[in-house]
Amino acid sequence: MKHAPYHLPTKQDTITSPHPNSWRLASLLQASTRTQSRPRGRAIHAVIITSGLKPRAHLLNLLIAFYCSTEDLKCAHHVFDRMPQRDVVARTTLLAAHARSGALAVAHQIFDEMPTRDAVAYNAMISAYGHHGEFREALSLFRAMLEQGKPRPDGFTFTAALSACAGLEDQNLSSQVHCLALKAGLAHVTSVSNALISVYVKSGELGLASKMFTELLKRDEITWTTMITGFVRIGDLEGARRVFEVMRDRFDVAWNAMIAGYAQHGLCMEALDLFRDMFGKDIMLDEFTYTSLLSACANIGLVRTGMEAHAYIVHREAEISLPVWNAIISLYAKCGRMEVAMRVFDAMREKDLVSWNAVVSGYATLGMITEAREIFEKMIERNELTWTVMISGSAQHGQGEEGLRLFNRMRHEDSRPCDFAFAGALTACASLGTLRHGAQLHAQLIQLGLDASVSAGNALMTMYARCGAVESAERAFRVMPTPDAVSWNAMIAALGQHGRGSEAIMLFERMLVAGYKPDRVTFLTVLSSCSHSGLVNEGCKYFDLMDRAYGIKPGPDHYARLVDLLGRAGRLQEAKQTVETMPFYPDACIWEALLAGCRNHGDMELGLMAAERLFELRPRHDGTYVLLSNMYASIGKWEGVAKVRKTMKDMGVKKEPGCSWIEVDNQVHVFLVDDTVHPYVHEVYALLEKLGVSMKKLGYIPDTRFVLHDVGLEQKEYGLSTHSEKLAVGFGLLKLPKGSEIRVLKNLRICGDCHTAMKFMSKVVEREIIVRDGKRFHHFKHGECSCRDYW
DNA sequence: ATAGGGTTAG
């Protein structure tokens, strides 16, 4: 529609008009421009040509204006080129049309060729430069105009100049322009004030904006909407709502702005409520309304409501614009309904980068990396966002190496990764435990001047913490120029994951003092911190406080941590009661926490019950078998252990073999765990025998709980490599000289036996041993562990 | 003056 072919009208287009005369034609032409009626305008052009009438300049100008308004620039030029004398109006009309379409060079050429230029021509040029981001060009033209002293700037001129200042975000410059407007007596023209308010709004100076706003006598729709978006920008939705409520004639754009504001700040229910109001009041819905509505539904997972919206839009609108289709794709993608998203995507006849990114992101965040990659490779054009979703999607779903590979590829194909891409790559390092690579990325962030970024900084802290370097995480947190709530959460988590629970709690209290609002993640973090440091009572206290003091309703995940805490303390009856009375249907995590408690305290009856629920929910999950078997082992029921292991084998559940490494000073020791090729395997077992004997002697383990004798056999029979992997590390530790701390960055899932062995080891080698266990670490020192766990 | 695709914290 935008690029219609260049056809001049022919005789067929002629309308039978009785006695065409210039006046009649002029008014008909104006009507066609107003109604954007292509056929009518072309017909009139045909009449002009065929009637032999000698058209006056006025009529031709209207004709040019008509063609310009329908974006038929070639036809406009055709008329223009044949004009006997081209006046200012004709030139300005054409110039403005080019300027609007972004052909700034062409527009400027017409501008230069003009014998005289009026304010309208200047205004068109200035605002066109501003609209296309060429703020300096816009302002230099404005300056030239002032210096020459003619033509005199009018309200539009100041409006355009001020919006260029807003683009540059230059307060100083805009005050100067404001002064000039005052001198010219034009500062109270509504559009000038609007532009000034917009300058303040963009720089977050809501106070100044409000002042201007209240002093303004005539406010138009733009004034109101600018104020609303101003409050939305600084996240003050209540302020925005107040403005919205005061506005007497609320019109569709303001509704849209308000709904969009809610949706963008995660207040999706408010967005939906307001939409319902709007719908009930019969206000025109448009594509802006639809996109905000769909995104609100998508963000809180309301597929049903979203589908209703989808159906309504399809039913009601003859044509659906690209952004709306993209919002529909994203609705299904975010709700995990990729089949539907793909169906919509495939059916779209026109797609843009946003559409492609929406589907890639859908697959990537669901962890369907192969599918995401397939689409990713088909793309002819990618941007930072495309790379970012691929990198972090891989990193978050156990494909850290893939994430780093993509990150490096991005650097080859796209010269400079953005901070979000760095965040993804750092997450990959965090999951892999590759401290060196992570530190390299840190150096690059500094080199590229991206180290002030909040997202990169948050990812950096997490990387350091999960690579065992809490001190570096702390340093990263301290130097952050603008930490946000996520930063605090991340730092609290970092301390908690390293068994520094009381420090984590202190940091939480400092977060409150600093004026940050805790959210559900904050409490999850605090609860886990307590649990990883054996701070059972404190944990229970915070669970109680979260709703009462901070109004955050605990979710199933919070309950799982409460059950974990109670279970840890041996308060199994309370734990059981919690599971029975909580306001949710207990999910797998809850039963798992209960089972873990039973393992720790040898409650076989309750443990079996929890295990049964778990088998119903996740029949082939290896963790359940391990917990159950440990529970039997803890009370010396070896036949129970054997039974579990057998079921495990029958069900085809096994652990993956892996490879361990220990980082000591600057040396990395690697241990292969596939026992058939492990060169030390016999040595390992021999040492373990000795180890076991001395541990028993020193009272580290009671006779019944030490199950090392099983390892070799189990290993061969069922291919379970977990023990050997961890014990290979133990073997390496015994060989090391005394000295500084040892960090084991390979993710070892620390079981009871191994935990005990590590405690022992820390005493023998007389140094702190830091071992990674999932997302957290155990710090073993002087024969004790930071987690103060029972085993 | 309003809209669609992203990141980091458990």
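Quick note on labels: first sequence line is chain A, next is B, and so on, each numbered from 1. The structure displayed is predicted, hence computed values, not measured ones.
Applying the salt bridge (charged side-chain N to carboxylate O under 4.0 Å, His left out) test to pairs two or more places apart or on separate chains, those with a residue in residues 484-504 of chain A are A:Glu474-A:Arg500, A:Arg500-A:Glu503.
At a threshold of 4.0 Å, the pair A:Arg241-A:Glu270 does not count as salt-bridged, since none of the basic side-chain nitrogens sits closer than that to a carboxylate oxygen.
In terms of the ring pair (Phe, Tyr, Trp, His ring centres under 6.0 Å) criterion, residue partners of A:His310 (sequence neighbours excluded) are, by chain and number, A:Tyr332. For A:Phe279, the ring pair (Phe, Tyr, Trp, His ring centres under 6.0 Å) partners at least two apart in sequence or on another chain are A:Phe275, A:Tyr312. Under the rule for a side chain to side chain donor-acceptor pair (under 3.5 Å), A:Gln497 has no partner lying at least two apart in sequence or in another chain. Qualifying ring pair (Phe, Tyr, Trp, His ring centres under 6.0 Å) partners for A:His532, counting only residues two or more places apart in sequence or in other chains: none.
The distance between atom CD1 of A:Ile228 and atom C1' of B:dA1, rounded to the nearest whole Å, is 9 Å. Regarding A:Trp255, its CH2 atom lies at a distance of 17 Å from the P atom of B:dA3, rounded to whole Å. Here the P atom of nucleotide B:dT2 and the CG atom of A:Leu274 are 17 Å apart, to the nearest Å. The separation between A:Arg219 atom CZ and B:dA1 atom P is 18 Å, rounded to whole Å. One interatomic measurement links the two molecules: CZ of A:Phe231 to P of B:dT2, which rounds to 16 Å at whole-angstrom precision. One can place CE of A:Met247 at 11 Å from C1' of B:dA1, the figure rounded to the nearest angstrom. B:dA3 atom C1' lies 12 Å from atom CD1 of A:Ile313, rounded to whole Å. Residue A:Leu293 contributes atom CG, which lies 12 Å from atom P of B:dG4 at whole-angstrom precision.
In this structure, A:Asp352 reaches the bases: a heavy-atom distance under 4.0 Å links it to at least one base atom across the strands shown. Looking at heavy-atom distances under 4.0 Å, A:Ile492 makes no contact with the nucleic acid at all.
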Per-nucleotide protein contact string for nucleotides 5-10 of chain B (B base, S sugar-phosphate only, - none; heavy atom under 4.0 Å): BBBBBB
